[in-house]
Amino acid sequence: MEPIKGWKTFVDFNYRIKNANTHWEIQKTYNHDVEGKPYPYNNNSHVHEDHAKENYTNFSAYTEYTKSLESGHNFKGMIGFQSELMKKKVFGLQREGIIIPSLPEVDLTTGLDVYGAEVTPSVNGASDHWATAGFFGRINYDYQQKYLLEVNLRYDGTSRFRADNRWSWFPSFSVGWNVAREAFWSNLEEYISTFKFRGSYGELGNQNTDSWYPTYQAMTVKASNGDWLMNGIKPNTSAAPGLVSSTMTWERVKTWNVGLDFAAINNRLNGSLDVYSRKTIDMVGPAPELPVTLGTAVPQTNNTDLRTYGWELSVGWNDQLKCGLGYGVKFLLSDSQTEITRYPNETGSLDKDTYRAGMMLGEIWGYETIGIAKTQEEMDAHLASLPNGGQDAIGNRWGAGDIMYADLNGDGKIDNGANTEGNHGDMKVIGNNTPRYLFGLDLILDYKGFDFRAFFQGVMKRDYFQSSYYFWGAASSVWESTCMLPHLDYFRENPDHILGQNLDSYFPRPDFSTSKNQQTQSRYLQNAAYIRLKNIQLGYTLPELITKKFLVSKLRVYVSGENLWTGTKMFGTFDPETIDGGWNGSVYPLSKTLSVGLSLTF
């Protein structure tokens with residue numbers, strides 16, 4: 001709505017419904033004896049139904065007014081309101097005794113177990129909701145596109161926290177100076193058309209929590225869940241609620257950013273550089289370690305601060321030669337690191353599920369590897385150099401083909417001490433799994449209807465330690481082991497082995513009873529840096545003089561390839577781009593794809 005020129009009002013309403021129905025049944029199954037006769041393998045049968053419905057509404061309304069003066073001053077003001085409401089309803093039930101296997105419905109069950117005893121159906125149902133509301137305003141000012149200013153203020157509330165912690169202010173502002181619009185720049189404008197400095201500061205809040213009611217104690221009540229019988233039936237049960245933090249509130253994210261935008265040489269060269277520092281205040285971190293006399297799980301609370309700092313660079317060049325060859329290059333590079341600045345870890349524990357002030361996210365602690373002992377004598381000599389316990393803290397029966405670990409603290413034994421920052425034994429930081437120096441390279445060519453594009457992307461620096469049997473092959477359990485071609489490079493002392501002797505192997509000797517050789521260590525730290533040709537494409541567009549004869553304004557044919565080449569030093573069973581997916585990097589591999597296409601525009 002625009003009742004007055006320059007004054008506009010916007011109203012937006014979104015409504016989303018989600019229905020989810022889940023059904024499963026457990027059927028009687030049979031196995032067969034040595035004579036081929038069937039016998040019951042699983043006598044239980046039941047039908048289970050779950051129904052869930054979500055209703056989400058998002059309403060926003062804001063009004064803005066814009067005014068420009070002949071003197072070059074431009075103003076814009078805006079105020080508004082936004083609210084969200086999520087309601088969820090769930091219901092489920094389960095009943096025993098399927099009557100007709102081909103018709104597994106609740107109405108066609110007996111309610112009896114395999115022995116004919118009545119089983120009380122299990123039911124569940126709940127209604128949940130959360131809501132947010134926010135008021136916001138913004139003021140924009142610029143003068144002849146030279147001086148730029150924007151100021152924002154939000155006042156947000158959420159139903160997830162208690163009343164005295166529910167609302168919070170979140171301010172932000174940004175300033176800019178386009179130096180290329182200044183009078184003193186006129187002699188340089190022909191060469192550098194854009195040269196703008198930017199700076200900004202902003203605060204945002206995060207109210208997302210695993211539980212919709214994290215500050216309230218919830219008592220679990222279950223029907224017919226007791227492990228005893230009362231009058232022939234199982235009684236209902238309830239459990240004492242866990243501890244909660246009633247003071248939990250918003251996480252605050254405070255970000256500083258300075259940047260530079262430039263364009264030069266008739267805009268053929270352009271780019272930007274941003275440097276930023278982002279602090280997350282009062283983050284809900286892992287529950288701190290408390291004495292076991294507490295007697296229950298420690299609740300989570302706003303106990304962590306962290307700082308992320310980094311930069312982003314983008315540089316591009318586009319041009320066309322006199323011969324008609326057009327070409328372009330664009331390069332993107334970024335880097336960031338995150339440091340924990342506050343966390344209540346008084347003992348300095350190095351447990352993987354906790355933090356400590358001063359740690360960098362992604363740290364990999366491990367032992368330093370001397371190597372694999374090629375003979376029993378070599379291992380005995382190594383153990384003899386460790387008179388205060390050898391490597392007994394890690395394992396026993398050390399011999400040829402086993403790992404020799406370095407005694408970094410010189411105490412005559414190999415261990416991780418108290419596993420604390422002040423006493424970590426022979427452990428040290430051997431790497432960091434945070435991806436560093438992420439880059440992308442885009443190459444474009446076109447000439448007389450032909451076009452070519454190649455896009456590369458990757459990571460220049462990343463460490464990674466893989467502890468699953470997908471990496472080791474032979475794990476500490478026969479049932480959790482595997483064997484792929486790269487796993488055959490394991491230690492073999494016997495020259496008569498069917499695969500041949502292998503004293504200079506990559507892996508230690510297989511041992512299905514212990515993980516002593518598979519401790520986190522420097523020898524098997526992976527270099528997860530990589531470069532990948534994500535896409536390459538060659539196309540040809542027919543001249544318009546030809547295509548217009550059959551009423552086509554544009555006809556293009558092309559051949560395209562995806563993931564055709566990867567440069568990496570990662571172990572062969574893993575893809576460096578998907579190692580964080582699935583379970584320990586075990587995801588469906590990326591496909592190399594070739595395709596041919598035709599594009600028509602009428």
Side-chain angles (χ1 to χ4, degrees), residues 271 310 312-318 325-336 362 364 431-447 449-473 482-489 506-507 524-541 554-600:
E312 298 177 354
L313 172 67
S314 173
V315 179
W317 175 272
N318 289 277
L325 175 65
Y327 66 97
V329 179
K330 187 173 184 180
F331 180 67
L332 301 102
L333 181 65
S334 64
D335 183 40
S336 67
I364 302 174
N432 193 295
N433 64 22
T434 300
R436 302 282 308 276
Y437 309 114
L438 285 72
F439 69 91
L441 177 63
D442 206 2
L443 306 175
I444 299 174
L445 295 171
D446 65 85
Y447 182 71
F450 289 94
D451 61 90
F452 171 82
R453 184 191 182 198
F455 177 65
F456 297 84
Q457 59 93 207
V459 174
M460 293 185 182
K461 178 178 173 58
R462 187 184 188 186
D463 301 313
Y464 191 78
F465 190 85
Q466 172 58 250
S467 58
S468 76
Y469 56 80
Y470 292 106
F471 173 76
W472 292 106
T482 188
C483 183
M484 290 176 269
L485 189 61
H487 296 139
L488 297 180
D489 187 12
Y506 180 67
F507 288 112
Y524 299 106
L525 186 69
Q526 299 294 299
N527 179 356
Y530 73 95
I531 178 173
R532 168 164 283 159
L533 178 58
K534 288 296 293 182
N535 175 264
I536 186 170
Q537 190 170 128
L538 177 64
Y540 177 69
T541 302
K554 185 177 181 181
L555 190 155
R556 178 176 178 264
V557 293
Y558 63 90
V559 59
S560 178
E562 309 282 342
N563 303 316
L564 297 185
W565 173 80
T566 302
T568 182
K569 295 183 179 179
M570 274 286 293
F571 187 65
T573 58
F574 295 94
D575 187 309
E577 193 175 352
T578 62
I579 52 178
D580 291 321
W583 183 81
N584 281 326
S586 58
V587 297
Y588 194 83
L590 296 178
S591 300
K592 293 181 179 180
T593 305
L594 285 172
S595 58
V596 177
L598 173 68
S599 176
L600 286 172

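Excluded from the calculations below are hydrogen atoms, water molecules and symmetry mates; all remaining heavy atoms, backbone and side chain alike, are included. This is a predicted model, so every value here is computed, not measured.
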Spell out, as yes or no, whether a donor-acceptor pair under 3.5 Å connects the side chain of Asp463 to the backbone of Asn432.
yes
Counting C-beta onward and ignoring hydrogens, is there a side-chain heavy-atom pair between Leu594 and Leu564 closer than 4.5 Å?
yes
Heavy-atom side-chain contact between Thr541 and Phe450 under 4.5 Å
no
Can you list the steps and then say if Tyr464 with Phe574 is a ring pair (Phe, Tyr, Trp, His ring centres under 6.0 Å)?
CA-CA 11 Å; Tyr464 191 78; Phe574 295 94; 7.2 Å; no
Nearest heavy-atom contact between Leu525 and Gly431 is CD2-CA, 4.2 Å
Show the numbers, then the answer: is there a salt bridge (charged side-chain N to carboxylate O under 4.0 Å, His left out) between Glu562 and Arg532?
CA-CA 10 Å; Glu562 309 282 342; Arg532 168 164 283 159; over 6 Å; no
Close side-chain approach of Pro576 to Thr568, heavy-atom, < 4.5 Å:
yes
Would you compute the distance between atom CD of Gln526 and atom NZ of Lys569 and round it to the nearest 0.5 angstrom?
12.0 Å
Measure the OG1-CG distance between Thr566 and Leu590 for me, rounded to the nearest 0.5 Å.
8.0 Å
Considering only heavy atoms from C-beta outward, does the side chain of Cys483 approach that of Leu488 to under 4.5 Å?
yes
So, Tyr447 versus Phe452, ring centres under 6.0 angstrom or not?
no
Identified ring pair (Phe, Tyr, Trp, His ring centres under 6.0 Å) partner of Phe571 from the options Tyr470, Phe507, Phe465
Phe507
Verdict with reasoning, Lys461 to Asp335, per salt bridge (charged side-chain N to carboxylate O under 4.0 Å, His left out):
CA-CA 10 Å; Lys461 178 178 173 58; Asp335 183 40; over 6 Å; no
Ser599 vs Lys554, test: side chain to side chain contact (heavy atoms under 4.5 Å, CB included). Steps then yes/no.
CA-CA 8 Å; Ser599 176; Lys554 185 177 181 181; over 6 Å; no
Taking all atoms of both residues into account, what is the closest heavy-atom pair of Tyr469 and Thr482, and its distance?
O-CG2, 3.2 Å
Kindly say whether Asn535 contributes a backbone atom to a donor-acceptor pair with the side chain of Gln537 at under 3.5 angstrom?
no
Taking atom types as modelled, is there a side-chain donor on Ser591 or Asn563 under 3.5 Å from an acceptor on the other?
no
Spacing of CH2 belonging to Trp317 relative to OH belonging to Tyr327, to within rounding of 0.5 Å
5.5 Å
If we only count heavy atoms from C-beta on, is the Glu577 to Tyr530 side-chain gap below 4.5 Å?
yes
Thr573 and Phe471 have their tightest heavy-atom pair at OG1-CA, 4.5 Å
So, Ser468 and Gln466: side-chain donor and acceptor under 3.5 Å apart, yes or no?
yes
Gap between atom CG of Asp446 and atom CG of Leu325 - 0.5 Å precision:
7.0 Å
Taking the side chain as everything from C-beta on, heavy atoms only, tell me whether Val315 gets closer than 4.5 Å to Leu333.
no
Over all heavy atoms of both residues, which pair between Phe331 and Met460 is shortest? Give the atoms and the distance, please.
CZ-CE, 4.4 Å
Could you please spell out the steps behind the side chain to side chain contact (heavy atoms under 4.5 Å, CB included) verdict for Thr578 and Tyr588?
CA-CA 9 Å; Thr578 62; Tyr588 194 83; over 6 Å; no
Report yes if some heavy atom in the side chain of Met570 is under 4.5 Å from a heavy atom in the side chain of Asn527; otherwise report no.
no
Measuring from atom NZ of Lys592 to atom CG of Leu533, what distance do you get when rounded to the nearest 0.5 angstrom?
10.5 Å
Search all heavy atoms of Val587 against all heavy atoms of Gly581 and return the closest pair with its distance.
CG1-C, 3.1 Å
Ignoring hydrogens, what is the shortest heavy-atom contact between Asp451 and Tyr540? Give both atom names and the distance.
OD2-N, 3.9 Å
Going through the checks in order, is the salt bridge (charged side-chain N to carboxylate O under 4.0 Å, His left out) test met by Asp580 and Arg462?
CA-CA 12 Å; Asp580 291 321; Arg462 187 184 188 186; 2.9 Å; yes
Atom pair CG (Leu538) and OH (Tyr558), whose distance is rounded to the nearest 0.5 Å:
12.5 Å
For residues Asp442 and Arg453, determine if any side-chain heavy atom of one lies less than 4.5 Å from a side-chain heavy atom of the other.
yes
With a 3.5 Å distance limit and no angle check, can you tell me whether Tyr437 reaches the backbone of Ser336 through a side-chain donor-acceptor pair?
no
